[in-house]
Amino acid sequence: MFEKLSPIKLFDDYSLKARFMPAFIATIPFLFFIGLKFGILHNFSNYKVVLSLYFCTLTFLSYKTRNLGKEIEKKIILKNNFFPTTYMLSFQNSTFDTFTKKRYLKFLNTQNEEWKLPLSKEEENNDPNYLEKYNSAIIWLKNRANNNPKKYPLVYKELVKYGFNRNLLGIKNYCLLIYFLVVIWEYYQIKLFTFKELFTSPWPEYAVFILFVISFLAILSHTKKNVISNAESYARTLIETCDN
């Protein structure tokens with residue numbers, strides 16, 4: 001939806017925050033797992049190779065995460081191949097009041113005379129191509145705002161937030177499965193597992209078990225509602241740049 005940016009760089013600001021960070025957050029439990037199981041926190045020099053492999057894997061996962069996020073976007077954000085921004089310009093949508101919407105549409109019409117965007121619900125009803133016209137105008141707004149993050153910092157902030165949450169949701173199910181398997185594995189690895197010791201003396205035997213239970217619950221709380229909310233927030237902020 002919202003990624004009309006310059007060619008992808010491995011660690012540009014957007015890639016770092018919206019692609020790399022979701023993968024990093026998802027793998028943080030395994031970073032601690034490596035430390036607890038292999039003593040990496042106590043003898044760093046002996047495990048440089050392990051850390052190098054971890055960061056190589058993390059880099060690969062950041063791109064995989066982005067692809068999974070795009071698939072999520074198609075399922076829960078796109079509607080008839082249009083994004084929320086396109087529908088927000090319509091008079092059938094209540095995000096903006098009629099007067100504000102007319103002001104935005106008049107501004108957009110001054111940017112491209114060929115659009116001839118409807119200025120009322122009646123005009124919209126008589127124009128079978130109104131969504132395509134709105135979409136074209138939105139693409140123009142995206143290019144203007146997304147390629148000028150310094151000029152439109154709020155738009156960029158919302159773009160990054162949306163990208164992060166979308167990509168995190170993309171890997172959610174994989175994380176839940178892997179975390180669950182680790183929890184089961186740890187349960188059977190702990191001799192004489194008792195809930196009393198789990199709460200009274202968790203360190204170090206129960207540390208990994210607790211870590212992955214918390215991680216499971218944390219990512220379980222991240223839902224598509226969060227992503228939809230972020231998408232709509234970005235859409236509103238983008239359209240509001242018409243006032244600038």
Side-chain angles (χ1 to χ4, degrees), residues 1-30 55 57-90 93 95 131 134-135 137-149 152-180 214-241:
M1 166 179 187
F2 312 130
E3 296 177 29
K4 191 71 175 180
L5 300 176
S6 56
I8 295 174
K9 298 177 182 178
L10 182 57
F11 291 115
D12 65 12
D13 187 67
Y14 180 83
S15 296
L16 181 64
K17 294 178 180 177
R19 298 171 184 162
F20 187 84
M21 286 305 296
F24 176 66
I25 288 174
T27 56
I28 282 178
F30 294 98
F55 282 108
T57 302
L58 188 58
T59 301
F60 168 77
L61 285 177
S62 67
Y63 285 96
K64 184 64 176 178
T65 296
R66 185 259 184 188
N67 293 334
L68 291 170
K70 294 296 286 185
E71 291 300 316
I72 288 292
E73 183 176 81
K74 293 177 183 177
K75 294 178 181 178
I76 69 173
I77 302 299
L78 278 170
K79 181 181 178 183
N80 298 323
N81 292 321
F82 295 118
F83 289 104
T85 36
T86 300
Y87 289 102
M88 284 184 183
L89 283 180
S90 171
N93 185 282
T95 301
L131 282 177
Y134 292 157
N135 192 58
I138 289 300
I139 291 173
W140 179 82
L141 279 176
K142 289 178 186 177
N143 290 336
R144 185 181 70 150
N146 292 355
N147 289 324
N148 292 279
Y152 303 100
L154 292 179
V155 177
Y156 184 70
K157 180 181 178 181
E158 294 296 336
L159 171 66
V160 170
K161 188 188 298 183
Y162 167 75
F164 171 85
N165 283 283
R166 179 201 66 188
N167 294 339
L168 185 60
L169 186 66
I171 58 172
K172 174 182 176 179
N173 289 337
Y174 295 93
C175 291
L176 289 176
L177 175 61
I178 295 173
Y179 294 170
F180 178 75
I214 293 175
S215 300
F216 182 93
L217 295 175
I219 200 165
L220 183 65
S221 66
H222 184 59
T223 67
K224 65 180 182 181
K225 289 184 179 180
N226 301 116
V227 179
I228 292 173
S229 177
N230 289 140
E232 292 174 346
S233 181
Y234 169 79
R236 287 193 302 271
T237 307
L238 178 63
I239 293 175
E240 287 170 353
T241 62

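Note that the structure is a prediction, hence the values are computed from the model and not measured. Just the heavy atoms: all of them, side chains too, but no hydrogens, waters or symmetry mates, feed the values below. Here, residue 1 is the first one in the sequence, and each next residue gets the next number.
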Q: If I compare all heavy atoms of L169 with all of K224, which pair ends up nearest, and what's the gap?
A: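 Distance-wise, the nearest heavy atoms are CD2-CA, 3.7 Å.
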Q: Check whether more than 12 heavy atoms from other residues, nucleotides or ligands sit under 6.0 Å from atom OH of Y174, and answer yes or no.
A: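 No, OH of Y174 has 12 or fewer neighbouring heavy atoms, counting only those of other groups under 6.0 Å.
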Q: How close do P84 and I77 get, counting heavy atoms only, and between which atoms?
A: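 The pair with the smallest heavy-atom distance is CD-CG2, 3.6 Å.
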Q: Is K142 close to Y234 at the side-chain level, that is, under 4.5 Å between some pair of heavy atoms?
A: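 When only atoms from C-beta onward are counted, K142 and Y234 do touch, with a gap below 4.5 Å.
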Q: Do you know the tightest heavy-atom contact between A145 and V155?
A: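 Closest approach of A145 to V155: CB-CG1, 3.8 Å.
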Q: Working to the nearest 0.5 angstrom, can you tell me the gap between L131 CG and N81 CG?
A: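 Between L131 CG and N81 CG, I get 11.5 Å after rounding to 0.5 Å.
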Q: Who passes side chain to side chain donor-acceptor pair (under 3.5 Å) against S215, sequence neighbours left out?
A: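 For S215, no residue satisfies side chain to side chain donor-acceptor pair (under 3.5 Å) once neighbours in sequence are set aside.
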Q: May I ask you to test the L141-I138 pair for a side-chain heavy-atom distance under 4.5 Å?
A: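 SC-SC contact between L141 and I138 confirmed.
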Q: Run the ring pair (Phe, Tyr, Trp, His ring centres under 6.0 Å) test against F164 and tell me which residues pass, sequence neighbours left out.
A: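 Ring pair (Phe, Tyr, Trp, His ring centres under 6.0 Å) check on F164 returns nothing, list empty.
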Q: Which pair of non-hydrogen atoms, one from P149 and one from N147, has the smallest distance, and what is that distance?
A: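 Heavy atoms only, the tightest pair is CD-C, 3.4 Å.
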Q: In Å, rounded to the nearest 0.5 Å, how long is the span from CE of M88 to CZ of F83?
A: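 Spacing of CE (M88) from CZ (F83) equals 13.0 Å.
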Q: Looking at every heavy atom in both Y14 and Y156, which two are closest together, and how far apart are they?
A: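 Looking at all heavy atoms of both residues, the closest pair is N-OH, 3.2 Å.
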Q: Taking the inter-plane angle between the rings of Y179 and F30 on a 0 to 90° scale, is it parallel (under 30°), tilted (30 to 60°) or perpendicular (over 60°)?
A: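 If you compare the ring of Y179 with that of F30, the planes turn out tilted.
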Q: Answer yes or no: is there a side-chain heavy-atom contact under 4.5 Å between R66 and Y63?
A: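 No, too far: nothing below the 4.5 Å cut-off.
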Q: For T59 and F55, indicate whether the former's side chain and the latter's backbone hold a donor-acceptor pair under 3.5 Å.
A: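 Yes, T59 side chain to F55 backbone: donor-acceptor pair under 3.5 Å.
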Q: In Å and rounded to the nearest 0.5 Å, what is the CZ to NZ distance from F82 to K79?
A: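 F82 CZ to K79 NZ: 11.5 Å, rounded to 0.5 Å.
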Q: When rounded to the nearest 0.5 angstrom, what is the spacing between OG1 in T65 and CZ in R166?
A: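 If we round to the nearest 0.5 Å, T65:OG1 and R166:CZ are 10.5 Å apart.
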Q: If you compare all heavy atoms of P22 against all heavy atoms of K17, which two are closest, and at what distance to 0.1 Å?
A: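 Closest pair (atom of P22, atom of K17, distance): CD-O, 3.9 Å.
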Q: How long is the gap from NZ on K70 to CG on N167, to the nearest 0.5 Å?
A: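 Answer rounded to 0.5 Å: 9.0 Å.
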Q: Does the side chain of V227 come within less than 4.5 Å of H222's, by heavy atoms?
A: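 Touching, per the 4.5 Å side-chain cut-off.
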Q: Say whether N226 and T223, considering side chains only, have a donor N or O and an acceptor N or O under 3.5 Å apart.
A: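 Looking only at side-chain atoms, T223 and N226 do form a donor-acceptor pair, the distance falling under 3.5 Å.
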Q: How long is the span from the NZ atom in K161 to the CG atom in L159, to the nearest 0.5 Å?
A: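 The CG atom of L159 is 11.5 Å from NZ of K161, to the nearest 0.5 Å.
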Q: From the options T85, L89, I139, select the one residue that forms a side-chain contact (heavy atoms from CB on, under 4.5 Å) with Y134.
A: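 Among the candidates, only L89 passes.
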